[in-house]
Amino acid sequence: FFNFIIFFGHVILYRLFITLYPGREIAVIIGCFLLPSTLYFASGIHKDGLVFLMLAVLIYCIYQSILKNKVSGKRLLLILISLALLFLIRSFIFLVLLPALFAWILSAKTKWPAGRTFAAVYLITGILFFSIGHLTGKVNPPEIITNKQTEFINLSGAATQIELTPLQPTVKSFMSNAPQALNHSLLRPYLWELPVKSLLPLNIELLLCQVLLIIFIFFRRKDLSNTGRPFLFFAFFFTLTVFLIVGYIVPNLGSLVRYRSLYLPLIITPLLCMINWERMARGIKIKK
């Protein structure tokens, strides 16, 4: 019964991406329905499935509102419920969403270049992130993340435990720890990194995702319209920020894979749809 409800998250994402990429049904089906880690970690009776569903509902309702240039009462209610539940279930996702959603809506409504809009919004967000504690004296976001990392590190060691460099609530510490955080969240576990055998399928999945990115660089399609560009920037900036925070605070490979899995469809599905598979196949035949 629980999974029957959560599975609507996959269906909603399919409806979103098939609108963005008409005629790419197979790629959209693979990205929305067939990613093993997403299916596995979103199917348990815990918070992850609900986060996945609420995120899908929120993104779809906002996309439809932008597309139709109208916010209906039903969509507004669903947006507010999704935001409220995300705040209650996993508040850091709610906070990470705010600048990404603002930049997406701003770029789509004003027709400003998406890249510049997102860069400006995230620059301002970064400045506020490190300065708001000094201005208010009450809320200190860098200190919150630092304390969260300390709590994770102090938990009893798991079989998939990894080393984390301790964070300090300063710009310098966050900047110097960013490469390690991105390495942990984007590249680990490595294919050969098997503290427990059950990680192997997830290691293979991550390797295939990395290969997919390399294929995209050399065989990307050039005939896709720019109508979905603000959404693509939203998906990229939002997921990268989530991965960065997870990389900062989580010292456990199993937890890294679990937290990362919920957001993979947002970046893997566009990659699958924007690769020119026909040109790639022709290139392979010519080489043979």
Evaluate the side-chain proximity of Arg260 to Val257: yes if any heavy-atom separation is below 4.5 Å, no if none is.
-> yes
Paired with Phe7, the ring-ring contact (aromatic ring centres under 6.0 Å, His included) test is passed by just one of Phe2, Tyr14, Phe33, namely Phe33
_Tell me if a side-chain donor or acceptor on Ser43 pairs with a main-chain N or O of Tyr40 at a distance below 3.5 Å._
yes
Fill in: Validation row: Ile105, Ile62 side chains within 4.5 angstrom (heavy atoms)
yes
For Glu143, the salt bridge (Lys or Arg N to Asp or Glu O under 4.0 Å) test, sequence neighbours excluded, returns none
task = Go through the steps to decide whether Leu13 and Leu266 satisfy the test side chain to side chain contact (heavy atoms under 4.5 Å, CB included), and finish with yes or no.
result = CA-CA 8 Å; Leu13 287 181; Leu266 294 177; 4.2 Å; yes
task: Starting from the C-alpha separation in whole Å, work towards a yes-or-no answer on side chain to side chain contact (heavy atoms under 4.5 Å, CB included) for Ile66 and Trp104.
output: CA-CA 10 Å; Ile66 292 173; Trp104 176 18; 3.8 Å; yes
Taking every heavy atom of Pro201 against every heavy atom of Ser198, the minimum-distance pair comes out as CD-O, 3.3 Å
**Main-chain N/O of Glu193 paired with Asn203 side-chain donor or acceptor, under 3.5 Å** = yes
Per-pair distances, 0.1 Å, donor-acceptor, side chain in residues 76-87, under 3.5 Å, sequence neighbours excluded:
{"unit_1": "Ser82", "atom_1": "OG", "unit_2": "Leu78", "atom_2": "O", "d": "2.8"}

In this structure, CD of Gln161 is separated from CD1 of Ile153 (nearest 0.5 Å) by 8.5 Å
CG of Leu202 to CG of Leu256, rounded to nearest 0.5 Å, is 11.5 Å
Query - Flag side-chain contact, heavy atom, 4.5 Å: Ile249 against Thr146 - result: no
Contacts satisfying side chain to side chain donor-acceptor pair (under 3.5 Å) that involve residues 105-116 (not counting sequence neighbours) are Asn69-Lys109
In short, ring-ring contact (aromatic ring centres under 6.0 Å, His included) pairs touching residues 161-195 with sequence neighbours left out are Phe129-Phe174, Phe130-Phe174, Phe174-Tyr248, Tyr190-Trp192
- Item | Arg279 side chain vs Asn276 backbone, donor-acceptor pair below 3.5 Å | no
Between Cys273 and Ala27, the two heavy atoms sitting closest are SG-CB, 3.9 Å
Rounded to the nearest 0.5 angstrom, the OG-OH distance for Ser65 and Tyr60 is 10.0 Å
Rounding to 0.5 Å, atoms CD1 (Ile204) and CG (Leu199) come to a distance of 11.0 Å
Do Met175 and Leu128 sit in the same hydrophobic cluster, where Ile, Leu, Val, Met, Phe, Trp and Tyr count as joined when their side-chain heavy atoms come under 4.5 Å apart? no
message: Counting C-beta onward and ignoring hydrogens, is there a side-chain heavy-atom pair between Leu97 and Leu55 closer than 4.5 Å?
response: yes
* Distance-only, no hydrogens or angles: does the Glu205 side chain make a donor-acceptor pair with backbone N or O of Ser37 under 3.5 Å? -> yes
Of all heavy-atom pairs linking Lys197 and Leu194, the shortest is O-CD2, 4.4 Å
Rounded to the nearest 0.5 Å, the CE atom of Met274 sits from the CG atom of Leu20 at a distance of 10.0 Å
CG of Leu35 to NE2 of His10, rounded to nearest 0.5 Å, is 9.0 Å
Practice problem: Output, in order, the C-alpha distance, side-chain angles, deciding distance and verdict of side chain to side chain contact (heavy atoms under 4.5 Å, CB included) for Ile214 and Phe219. | Solution: CA-CA 9 Å; Ile214 295 172; Phe219 295 98; over 6 Å; no
**Item:** Ser255 (side chain) donor-acceptor with Pro251 (main chain) under 3.5 angstrom
**Value:** no
Margin query: Under 4.5 Å between side-chain heavy atoms, counting indirect links through other Ile/Leu/Val/Met/Phe/Trp/Tyr residues: same cluster for Leu187 and Leu271 or not?
Written below: yes
Query raised in the report: Does Leu34 CG have over 12 foreign heavy atoms under 6.0 Å away?
Result: yes
Under 3.5 Å, sequence neighbours excluded: what are the donor-acceptor pairs made by side chains of residues 163-171?
{"unit_1": "Thr165", "atom_1": "OG1", "unit_2": "Gln180", "atom_2": "NE2", "d": "3.1"}
{"unit_1": "Thr170", "atom_1": "OG1", "unit_2": "Ser173", "atom_2": "N", "d": "3.2"}

Minimal heavy-atom distance between Gly9 and Leu53, with the atoms involved, is N-CD1, 3.5 Å
Practice prompt. Would you indicate whether Phe92, at its atom CZ, is surrounded by more than 12 heavy atoms from other residues, nucleotides or ligands within a distance under 6.0 Å?
Written response: yes
Q) Side chains of Asn183 and Arg188: does their closest heavy-atom pair fall under 4.5 Å? A) yes
Closest non-hydrogen contact found for Asp48 with Arg90 is OD1-NH1, 2.8 Å
When the side chains of residues 232-246 are checked against the rest of the protein, which donor-acceptor pairs come out under 3.5 Å, sequence neighbours left out?
{"unit_1": "Thr239", "atom_1": "OG1", "unit_2": "Ala235", "atom_2": "O", "d": "2.6"}
{"unit_1": "Thr239", "atom_1": "OG1", "unit_2": "Phe236", "atom_2": "O", "d": "3.2"}
{"unit_1": "Thr241", "atom_1": "OG1", "unit_2": "Phe237", "atom_2": "O", "d": "2.6"}

Between Arg75 (side chain) and Gln64 (backbone), is there a donor-acceptor pair under 3.5 Å?
no
Does one hydrophobic cluster hold both Val28 and Leu39, with members joined at side-chain heavy-atom distances below 4.5 Å?
-> no
Original post:
Is there a donor-acceptor contact under 3.5 Å from the side chain of Trp277 to the main chain of Leu272?
Top reply: yes
Worksheet item: Are any of the side-chain heavy atoms of Leu98 and Phe94 separated by less than 4.5 Å?
Response: yes
When every non-hydrogen atom of Val121 is compared with those of Pro99, the smallest separation belongs to CG1-O, 3.6 Å
*When clusters are formed by joining ILVMFWY residues with side-chain heavy atoms under 4.5 Å apart, either directly or through shared neighbours, do Ile5 and Val57 land in the same one?*
yes
request  = Would you check if the distance from the ring center of Phe52 to the ring center of Phe8 is below 6.0 Å?
outcome  = no
same_hphob_cluster(Ile217, Leu208) at 4.5 Å side-chain heavy-atom cutoff:
yes
(request) Check step by step if side chain to side chain contact (heavy atoms under 4.5 Å, CB included) holds for Phe17 and Tyr63. (result) CA-CA 10 Å; Phe17 281 112; Tyr63 177 79; over 6 Å; no
Examine distances only and state if a side-chain atom of Thr38 and a backbone atom of Ser261 form a donor-acceptor pair shorter than 3.5 Å. yes
### Query
Do the side chains of Ile18 and Pro22 get nearer than 4.5 Å, heavy atoms only?
no
